[in-house]
Amino acid sequence: MKLAVYPGSFDPVTNGHLDILKRASRHFDKVIVAILRNPEKKAFFSVEERVGMLTAATKSMRNVLVDSFDGLLVHYAKKKGAAAIIRGLRAVSDFDVEFQMALFNRRMAENIETFFMMTDYKYAYLSSSLAKQIARLGGDVRGLVPPIVERYLKKKKGRKSL
Ligand code: ADP
């Protein structure tokens with residue numbers, strides 16, 4: 001069975017992430033979306049909230065699972081028996097960091113291949129930060145994030161500043 005891990009912060013998941021996920025899931029038997037528990041990076045949504053949003057947004061994708069992990073990605077991927085790591089690419093600015101990460105991951109686990117997937121042009125400018133910023137300023141995030149995330153963003157906006 002060919003298993004892939006799609007790691008990231010997903011704070012929150014956007015339609016750009018979902019597009020990558022949908023396309024990736026056609027090429028692997030199973031894809032695990034893995035949310036990094038990163039104590040160094042201050043997240044807006046808790047890991048539990050992010051798991052909840054991703055689970056709802058991927059309900060119709062039968063071979064997609066949602067999980068979280070901490071520590072090294074390659075350790076997690078090995079533990080799960082993954083053959084591949086999926087990453088999405090938008091602008092050239094993504095390239096440097098992704099290149100470095102992919103080479104390091106290969107050095108640590110040469111049997112796990114990183115696959116880069118090009119964003120759909122509709123989402124080339126889209127990031128989780130942008131969606132949060134638009135929501136904070138009272139803009140419409142419809143079409144940028146799944147409906148469940150729209151609701152979470154509205155709920156949070158009512159309670160505290162984004
Ligand atoms: P990270 O903090 O690890 O970059 P993100 O949640 O921002 O986590 O992104 C996870 C993955 O999804 C990364 O590979 C990122 O490049 C990709 N990604 C993010 N937004 C988009 C988008 N709009 N289109 C395609 N890929 C995207």
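Counting convention: from 1, in listed order, for ligands and their atoms alike. Worth knowing before you read on, the calculation uses all heavy atoms, side chains too, and leaves out hydrogens, waters and symmetry mates. Position 1 is the first residue of the sequence, and the numbers go up from there.
Electrostatic pairing of K132 and E150 does not count as a salt bridge here, judged by no charged N lying under 4.0 Å from a carboxylate O.
With sequence neighbours left out, the side chain to side chain donor-acceptor pair (under 3.5 Å) criterion links D29 to no other residue.
Annotation for ligand 1: atoms under 4.0 Å from non-hydrogen atoms of L126 are 20 (N), 22 (C), 23 (N). Near K41, meaning under 4.0 Å from any of its heavy atoms, are these atoms of ligand 1: 2 (O).
Looking at R50, its side chain never comes within 3.5 Å of a backbone N or O of P12 through a donor-acceptor pair. For the pair S46 (side chain) and E49 (backbone), a donor-acceptor distance under 3.5 Å is present. Side-chain atoms of D11 come within 3.5 Å of backbone atoms of F44 as a donor-acceptor pair (strictly under, hydrogens ignored).
Within the 4.0 Å heavy-atom shell around ligand 1 one does not find M117. Using a 4.0 Å heavy-atom cutoff, Y125 is absent from the residues neighbouring ligand 1.
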Exercise for the section: Assess whether ring-ring contact (aromatic ring centres under 6.0 Å, His included) is satisfied between F104 and F99, documenting all intermediate values. Expected result: CA-CA 9 Å; F104 258 100; F99 185 56; over 10 Å; no
Problem - Intermediate values then yes/no, salt bridge (charged side-chain N to carboxylate O under 4.0 Å, His left out), E48 and R37 - result: CA-CA 10 Å; E48 289 65 33; R37 295 180 176 269; 3.4 Å; yes
Exercise for the section: Check the pair D70, Y76 against side chain to side chain donor-acceptor pair (under 3.5 Å), reporting the backbone distance first and the verdict last. Expected result: CA-CA 8 Å; D70 48 28; Y76 173 79; over 6 Å; no
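Of the polar atoms of I20, none of the N or O atoms is found under 3.5 Å from an N or O of ligand 1, judged by distance alone. The shortest N or O to N or O distance between H17 and ligand 1 is under 3.5 Å. Residue T14 places no N or O, backbone or side chain, under 3.5 Å from any N or O of ligand 1. Any N or O atom pair closer than 3.5 Å counts here, and S127 shares no such pair with ligand 1. When only interatomic distances are considered, the shortest N/O to N/O separation between L89 and ligand 1 does not fall below 3.5 Å. Geometrically, ligand 1 and S128 share no nitrogen or oxygen pair separated by less than 3.5 Å.
The protein heavy atom nearest to atom 21 (C) of ligand 1 is R90 CD, 3.5 Å. With respect to atom 6 (O) of ligand 1, the closest heavy atom belonging to the protein is F10 N, 2.8 Å. Closest to atom 2 (O) of ligand 1, if we only count protein heavy atoms, is S9 OG, 2.7 Å. Counting protein heavy atoms only, atom 4 (O) of ligand 1 is closest to R87 NH2, 3.4 Å. Of the protein's non-hydrogen atoms, Y6 OH, 2.7 Å is the one closest to atom 12 (O) of ligand 1.
When ring centroids are compared, Y6 and F10 come within the 6.0 Å threshold.
The residue from A34, A124, P7, G88 that puts a heavy atom closest to atom 26 (N) of ligand 1 is G88. The nearest non-hydrogen atom to atom 24 (N) of ligand 1, considering only D19, N15, T119, comes from T119.
Neither side chain, T119 nor R90, offers a donor N or O lying under 3.5 Å from an acceptor on the other.
When the side chains of ILVMFWY residues are joined at heavy-atom separations under 4.5 Å, either directly or via intervening members, L65 and L54 end up in two distinct hydrophobic clusters.
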